Enquirer: 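This is the structure I want to talk about, given as structure tokens.
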Amino acid sequence: MKYQATPLDRRFFERDPLTCARDLIGCELLWRGCGGLIVETEAYSAQSDEACHTFSRPSSRRFVEEHPPGSAYIYLNYGVHWLLNFLVKGGPEDGFVLIRALEPTRGTPGMCRRRKSNDLRLLCSGPGKLTQALGIDGSGHGVDFFQGNLLTLRAAIATPRIAQSPRIGISKATALPWRFFIKDNPHLSA
DNA sequence: ACACGGATACTA
DNA sequence: AGTATCCGTGTC
């Protein structure tokens, strides 16, 4: 697969969350010199999606109000793992896209060190694993990668085969098939 | 199968 | 203050 060097435009995130989640598959995510191809995402909608943080968290609704589309929404889950989302805003529906898995491409030595593993398939094959591999934590919450140089998203040229399934690990709205992934990719979470 | 662990938002 | 919940991972 070949990838162009041009970053994504902010308007990429001014569409509905499902379109953003699907189109992020195959894009390259870079963070401080480390990164990989996005192979698994999930969409969360701020409207009528009980699994979305905006449904139960006033602070999340405030985040949507106060940040531009494409901002990093990072939170600690189960008191253990940081999870990386991107804010979707300005289209028909607001929401988030959760980054669930990467295929490592850049800075793998650093990722191996932080993950304490040399198996590439264990570096970023899960939403908590990939933040640990990239060194992402709560200090990145609210980062606008269109402003700084911390975070870069590069568009995919080739269109990968994208499959769809229900989202993983949630207790509400479990039936919605809003998880997107490259079928049979060895770097998926589940 | 189960422990680990903290932010957030409730009840009072 | 105390309790319930939570978009997971590693090891048992």
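Note on naming: letters A, B, ... go to the chains in the order of the sequence lines (proteins, then strands), and numbering restarts at 1 for each one. Worth saying up front: this structure is predicted, and the values here are computed from it rather than measured.
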Enquirer: It should be established whether A:His53 places a side-chain nitrogen or oxygen under 4.0 Å from OP1 or OP2 of nucleotide C:dC7.
Expert: yes
Enquirer: Has A:Arg115 got a side-chain N or O lying under 4.0 Å from the OP1 or OP2 atom of C:dG10?
Expert: yes
Enquirer: Just to be sure I understand the rule, does A:Ser56 reach a base, reach only the sugar-phosphate, or reach nothing, if contact means heavy atoms closer than 4.0 Å?
Expert: sugar-phosphate
Enquirer: If you assign A:Gln132 and A:Ile170 each to the DNA chain C nucleotide with the nearest heavy atom, which residue ends up on the more 5' nucleotide?
Expert: A:Ile170
Enquirer: Check whether the aromatic ring of A:Tyr44 stacks on the base of C:dC7, taking stacking as ring centres less than 5.5 Å apart and planes within 30° of each other.
Expert: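 Taking the rule of under 5.5 Å and under 30°, the ring of A:Tyr44 does stack on C:dC7.
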Enquirer: Looking at every strand, decide which applies to A:Phe96 at a 4.0 Å heavy-atom threshold: base, sugar-phosphate, or nothing.
Expert: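 The residue A:Phe96 makes no contact with any strand.
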Enquirer: Near A:Asn118 CG, under 6.0 Å, is it more than 12 heavy atoms from other residues, nucleotides or ligands?
Expert: no
Enquirer: With sugar-phosphate meaning primed atoms plus P, OP1 and OP2, does A:Lys172 contact a base, only sugar-phosphate, or nothing at under 4.0 Å between heavy atoms?
Expert: sugar-phosphate
Enquirer: With a 4.5 Å limit on heavy-atom distance, are the side chains of A:Cys34 and A:Arg114 in contact?
Expert: yes
Enquirer: Is the shortest side-chain heavy-atom distance between A:Phe63 and A:Asn85 below 4.5 Å?
Expert: no
Enquirer: NA contact type, A:Arg167, heavy-atom cut-off 4.0 Å: base, sugar-phosphate, or nothing?
Expert: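 Result for A:Arg167 = nothing.
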Enquirer: State, with a plain yes or no, whether a side-chain heavy atom of A:Ser60 is found less than 4.5 Å away from one of A:Phe96.
Expert: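 Yes, at least one pair of side-chain atoms sits under 4.5 Å.
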Enquirer: Write down the partner of C:dC7 under the Watson-Crick or G-U wobble criteria, each distance required to be under 3.5 Å.
Expert: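 Paired with C:dC7, as far as the under-3.5 Å criterion goes, is no nucleotide at all.
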Enquirer: Does A:Arg100 put a side-chain nitrogen or oxygen below 4.0 Å from OP1 or OP2 of C:dG8?
Expert: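 Affirmative; the distance criterion is met.
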